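Numbered from 1 within each chain, the chains take letters A, B, ... in sequence-line order. Computed from a prediction, not measured in an experiment: that's the story for all the values here. As a basis for the values below, the full set of heavy atoms in this structure was taken, side chains included, without hydrogen atoms, waters or symmetry mates.
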Amino acid sequence: MITPAEAITLQEQLRAQVITTDVLPHPIRTIAGTDVEYDKSTNLIAGSVVVMDYNTLAVLAVASHCMEVTFPYIPGLFSFREMPPLLEAYRQLQVEPDLIICDGQGLAHQRRFGLACHFGVTLDKPVIGCGKTRLCGEYENLGETRGSVAPLIAEDDQALIGNALRTRDGINPVFVSTGHKVSLATATDIVLKIATQYRLPETTRLADHYARLALLAYKSGSKEPPAGI
DNA sequence: GCGACAG
DNA sequence: ATCTTGTCGC
Ligand SMILES: [Mg+2]
């Protein structure tokens, strides 16, 4: 299908569409989380989107989609691997969220167009990028307590591309960046608010859980291979 | 050429 | 992402 070289050209073309200021509902009522799980033995993957109440974090809707991977994992081209199942799951969603938090970077990317940007521009919805580890950029002097923030600066042009955010005292930070229609400051506030009990936002944790379930359900209710010979 | 490198 | 129980530290 699409080649890595073509994917890079597409990113450089779409990056101009990213909006880095707040263009989202007042007040925020619902928030969605997304994640993709992989099956070690087959090339199946499952993407899930879970919508939660912004204040109570009650689950309002969930949609998942299983399919075969269509693109290899290449740092910088991650969205071409994980977006397919997420777009289909999102399409099936019965409740439209006010904003979305993706499990990966937004602007904190070599070409300033990570998964959160690609997903946001594609859906034209507010999206926040929240990665567990760093893809690019450097930061220093991050405090040890929850709520501590340190700017993530791009190595090449010294641009502010995101924030390292400590969501739990003394535990590794998460990396927050604008995906689309959410400023870095707002994105950082929201991730801290949604990461109530663990390092990761509850949205990401729940999406991860539902994607796992979807993969297991799909495999059990599918063809022959496993169990009885 | 070598090391880094979202999930 | 995935392989995976116990173990070290706060
Ligand atoms: Mg993930």
Side-chain angles (χ1 to χ4, degrees), chain A residues 4 7-8 11 14-15 18 33-49 64-87 89 100-121 127-139 143-146 152-156 161-180 184 187-188 191 195 197-201 203-216 218-219 226:
Chain A
I8 290 175
Q11 291 182 324
L14 294 175
R15 54 187 286 181
V18 174
T34 73
D35 192 28
V36 174
E37 292 293 308
Y38 296 73
D39 180 27
K40 57 166 187 170
S41 56
T42 69
N43 54 355
L44 288 175
I45 57 176
S48 284
V49 182
S64 305
H65 182 71
C66 294
M67 62 182 285
E68 297 197 330
V69 288
T70 58
F71 200 87
Y73 171 67
I74 299 173
L77 299 180
F78 186 51
S79 65
F80 293 90
R81 182 175 175 81
E82 296 209 341
M83 281 232 316
L86 293 179
L87 286 175
I100 303 161
I101 297 181
C102 279
D103 182 34
Q105 321 295 338
L107 289 180
H109 174 278
Q110 305 86 309
R111 288 172 291 280
R112 313 289 182 266
F113 199 71
L115 170 65
C117 297
H118 201 166
F119 200 54
V121 166
V127 177
I128 291 170
C130 180
K132 294 183 282 293
T133 60
R134 187 190 67 87
L135 170 60
C136 64
E138 302 177 323
Y139 70 96
E144 290 299 316
T145 63
R146 168 181 163 85
L152 185 63
I153 305 298
E155 297 93 327
D156 48 33
I161 56 178
N163 275 158
L165 168 67
R166 191 91 67 183
T167 55
R168 294 276 283 168
D169 292 357
I171 289 179
N172 289 164
V174 293
F175 298 84
V176 181
S177 59
T178 288
H180 189 51
L184 177 58
T188 303
V191 169
Q197 197 165 10
Y198 299 90
R199 179 171 80 114
L200 302 180
T203 41
T204 301
R205 290 168 42 73
L206 267 291
D208 176 280
H209 180 250
Y210 285 114
R212 188 81 253 166
L213 292 183
L215 197 53
L216 294 174
Y218 185 86
K219 291 207 306 177

K.L.:
For B/dG7, take OP1 and OP2 only and decide whether either is under 4.0 Å from a side-chain N or O of A/K132.
P.N.:
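Answer is yes, contact under 4.0 Å.
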K.L.:
Grab the two heavy atoms, one from A/I45 and one from A/V69, that are nearest each other, plus how far apart they are.
P.N.:
CG2-CG1, 3.0 Å
K.L.:
Identify the two heavy atoms, one from A/Y210 and one from A/S64, that lie closest to each other, and give their separation to 0.1 Å.
P.N.:
O-OG, 4.0 Å
K.L.:
To the side chain of A/E37, which of C/dA1, B/dA6, C/dC3 is closest?
P.N.:
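That would be C/dA1.
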K.L.:
With a centroid cutoff of 5.5 Å and a plane-angle limit of 30°, would you call A/Y73 stacked on B/dG7?
P.N.:
yes
K.L.:
Where the side chain of A/R81 is defined as all heavy atoms beyond and including C-beta, which of B/dG7, C/dT2, B/dC5 is the nearest nucleotide?
P.N.:
B/dG7
K.L.:
Report which part of the nucleic acid A/G170 touches: base, sugar-phosphate, or nothing (heavy-atom distance under 4.0 Å, all strands).
P.N.:
nothing
K.L.:
To the nearest angstrom, how far is A/L135 atom CG from B/dG3 atom P?
P.N.:
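Whole-Å distance recorded here is 19 Å.
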K.L.:
Rounded to whole angstroms, how far apart are CZ on A/R111 and P on B/dC5?
P.N.:
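After rounding, the reported distance stands at 16 Å.
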K.L.:
May I ask you to evaluate whether A/S79 reaches the phosphate of B/dA6, defined as a side-chain N or O under 4.0 Å from OP1 or OP2?
P.N.:
no
K.L.:
Is the distance between the ring centroids of A/H118 and A/F78 under 6.0 Å?
P.N.:
no
K.L.:
Which is true for A/D103 with a 4.0 Å heavy-atom rule: it touches a base, it touches only sugar-phosphate, or it touches nothing?
P.N.:
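Since only primed, P, OP1 and OP2 atoms lie under 4.0 Å of A/D103, the category is sugar-phosphate.
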K.L.:
At under 4.0 Å between heavy atoms, what does A/R168 touch on the DNA or RNA strands: base, sugar-phosphate, or nothing?
P.N.:
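Counting heavy atoms under 4.0 Å across all strands, no contact is made by A/R168.
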K.L.:
Grab the CG-P distance between A/N172 and C/dC10 for me, whole Å please.
P.N.:
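Whole-Å distance recorded here is 15 Å.
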K.L.:
For the backbone of A/G143 and the side chain of A/R166, can you confirm whether one donor and one acceptor N or O come within less than 3.5 Å of each other?
P.N.:
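At least one qualifying donor-acceptor pair exists.
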K.L.:
Round to a whole Å and report the spacing from CG of A/L200 to C1' of B/dA6.
P.N.:
13 Å
K.L.:
Rounded off to whole Å, could you give me the CG-to-C1' distance for the A/L44 and B/dG7 pair?
P.N.:
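Going from A/L44 (CG) to B/dG7 (C1'), I get 17 Å.
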K.L.:
When all nucleic acid strands are considered with a 4.0 Å heavy-atom cut-off, which category describes A/G114: base, sugar-phosphate, or nothing?
P.N.:
base
K.L.:
Compare the minimum distances between each of B/dA6, C/dT2, B/dA4 and the side chain of A/Q105, then state the nucleotide with the smallest one.
P.N.:
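Selected nucleotide: B/dA6.
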K.L.:
Starting from C1' on B/dC5, measure out to CG on A/D156 and report it in whole angstrom.
P.N.:
15 Å
K.L.:
Would you kindly give the CZ-to-C1' distance between A/R212 and C/dC3, to the nearest whole Å?
P.N.:
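Result: 12 Å.
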K.L.:
Where do A/C136 and A/Q110 come nearest, in terms of heavy atoms and distance?
P.N.:
SG-N, 3.7 Å
K.L.:
Tell me the interatomic distance from A/F78, atom CZ, to C/dA1, atom C1', rounded to whole angstroms.
P.N.:
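Spelled out: CZ on A/F78 to C1' on C/dA1 is 8 Å.
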K.L.:
Any salt bridge linking A/D35 with A/R212? Criterion: basic side-chain nitrogen under 4.0 Å from a carboxylate oxygen.
P.N.:
no
K.L.:
For a quick check of understanding: with a heavy-atom distance under 4.0 Å over all strands, which category does A/L115 fall into, base, sugar-phosphate or nothing?
P.N.:
base
K.L.:
Is it true that a side-chain atom of A/Q11 and a backbone atom of A/G76 form a donor plus acceptor pair closer than 3.5 Å?
P.N.:
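Between the backbone of A/G76 and the side chain of A/Q11 there is a qualifying donor-acceptor contact (under 3.5 Å).
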K.L.:
How is the base pairing of DNA chain B summarised as a dot-bracket string, given the Watson-Crick and G-U wobble criteria with both distances under 3.5 Å, [ ] for crossing and | for another strand?
P.N.:
.......
K.L.:
Would you classify A/L77 as touching base, sugar-phosphate or nothing, given that sugar-phosphate means primed atoms plus P, OP1 and OP2, and contacts are heavy atoms under 4.0 Å?
P.N.:
base
K.L.:
Which one, B/dC5, C/dA1, B/dA6, comes nearest to the side chain of A/Y38?
P.N.:
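Closest nucleotide among those given: C/dA1.
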K.L.:
Looking at every non-hydrogen atom in both residues, tell me the closest pair between A/A207 and A/T34 and how far apart they are.
P.N.:
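Heavy atoms only, the tightest pair is CB-C, 3.6 Å.
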